[in-house]
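Right, one structure below, let's go through it.
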Amino acid sequence: MKEKREKRLEKEFRKNIYEILTTKIKNPYITEMFSVTAVTVTSDLEEADVYVSVFSADKEKSGKTFDAIVESAGEVRRILS
């Protein structure tokens, strides 16, 4: 069972990652609406899994946006740390 601290950190990570992707990352390929749906962290806080949903009627644009978010992971990690 997750501790309160881990759940609180997951919530904060989710908010911060979304904010970073929408305001600080200037990737022109992130064109569609998206949401950071969940973040799970390990008990030692060494690793985190981030789940993202892209909302678009166009599959091609949705895929490009998702790929751009994945490519921006290193920059998000750097800003977040």
Side-chain angles (χ1 to χ4, degrees):
M1 185 170 169
K2 294 246 182 204
E3 292 184 27
K4 287 175 82 173
R5 179 174 185 257
E6 290 173 16
K7 287 186 179 193
R8 190 174 64 243
L9 284 173
E10 289 173 352
K11 186 176 179 181
E12 284 298 314
F13 281 145
R14 193 173 76 231
K15 288 188 326 188
N16 289 335
I17 291 169
Y18 179 78
E19 181 182 332
I20 289 168
L21 284 170
T22 56
T23 61
K24 296 187 171 134
I25 299 293
K26 301 299 182 198
N27 191 328
Y29 296 108
I30 300 177
T31 58
E32 301 302 305
M33 187 171 69
F34 69 92
S35 173
V36 178
T37 56
V39 175
T40 58
V41 297
T42 57
S43 59
D44 60 357
L45 304 178
E46 286 288 322
E47 295 181 17
D49 293 324
V50 179
Y51 300 92
V52 177
S53 291
V54 179
F55 306 105
S56 176
D58 186 355
K59 293 282 186 186
E60 185 177 330
K61 286 183 180 179
S62 175
K64 285 183 180 180
T65 297
F66 183 77
D67 291 341
I69 291 170
V70 171
E71 289 173 7
S72 301
E75 185 70 13
V76 170
R77 194 177 301 123
R78 184 188 66 75
I79 294 170
L80 193 59
S81 66

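- When the ring pair (Phe, Tyr, Trp, His ring centres under 6.0 Å) test is applied to Phe66, no partner is found at least two apart in sequence or on another chain.
- Counting heavy atoms from C-beta on, the side chains of Ile25 and Ile79 come closer than 4.5 Å.
- In this view, Phe13 satisfies the ring pair (Phe, Tyr, Trp, His ring centres under 6.0 Å) rule with no residue, not counting sequence neighbours.
- Applying the ring pair (Phe, Tyr, Trp, His ring centres under 6.0 Å) definition to pairs two or more places apart or across chains, those involving residues 24-43 are Tyr18-Phe34.
- Residue pairs meeting the salt bridge (Lys or Arg N to Asp or Glu O under 4.0 Å) criterion with at least one member in residues 23-42, sequence neighbours excluded, do not occur.
- Using a 4.5 Å heavy-atom threshold, the side chains of Thr31 and Lys64 count as separate.
- Here CG of Leu80 is found 4.5 Å from CD1 of Ile20. Values are rounded to the nearest 0.5 Å.
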Side-chain donor-acceptor pairs under 3.5 Å in residues 46-53, sequence neighbours left out?
none

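- Here the CZ-CG distance, from Arg14 to Asn16, works out to 11.0 Å after rounding to the nearest 0.5 Å.
- Glu19 is linked by a side chain to side chain donor-acceptor pair (under 3.5 Å) to nothing, counting only residues two or more places apart in sequence or in another chain.
- Scored by the salt bridge (charged side-chain N to carboxylate O under 4.0 Å, His left out) test, Lys15 finds Glu12 as partners (sequence neighbours excluded).
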> Where do Lys4 and Lys7 land on the side chain to side chain contact (heavy atoms under 4.5 Å, CB included) test, with the steps shown first?
Replying inline: CA-CA 5 Å; Lys4 287 175 82 173; Lys7 287 186 179 193; 5.8 Å; no
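- With sequence neighbours excluded, the residues forming a side chain to side chain contact (heavy atoms under 4.5 Å, CB included) with Arg5 are Arg8, Leu9, Leu45, listed by chain and number.
- Residue Phe55 belongs to a hydrophobic cluster whose other members are Met33, with links defined by side-chain heavy atoms closer than 4.5 Å.
- A donor-acceptor distance shorter than 3.5 angstrom exists from the side chain of Glu10 to the backbone of Val41, with no hydrogens or angles considered.
- Every residue meeting the side chain to side chain contact (heavy atoms under 4.5 Å, CB included) condition with Asp58, not counting sequence neighbours, appears here in chain and number order: Ser56, Glu60, Lys61.
- Checked against side chain to side chain donor-acceptor pair (under 3.5 Å), Glu71 has no partners two or more places apart in sequence or in another chain.
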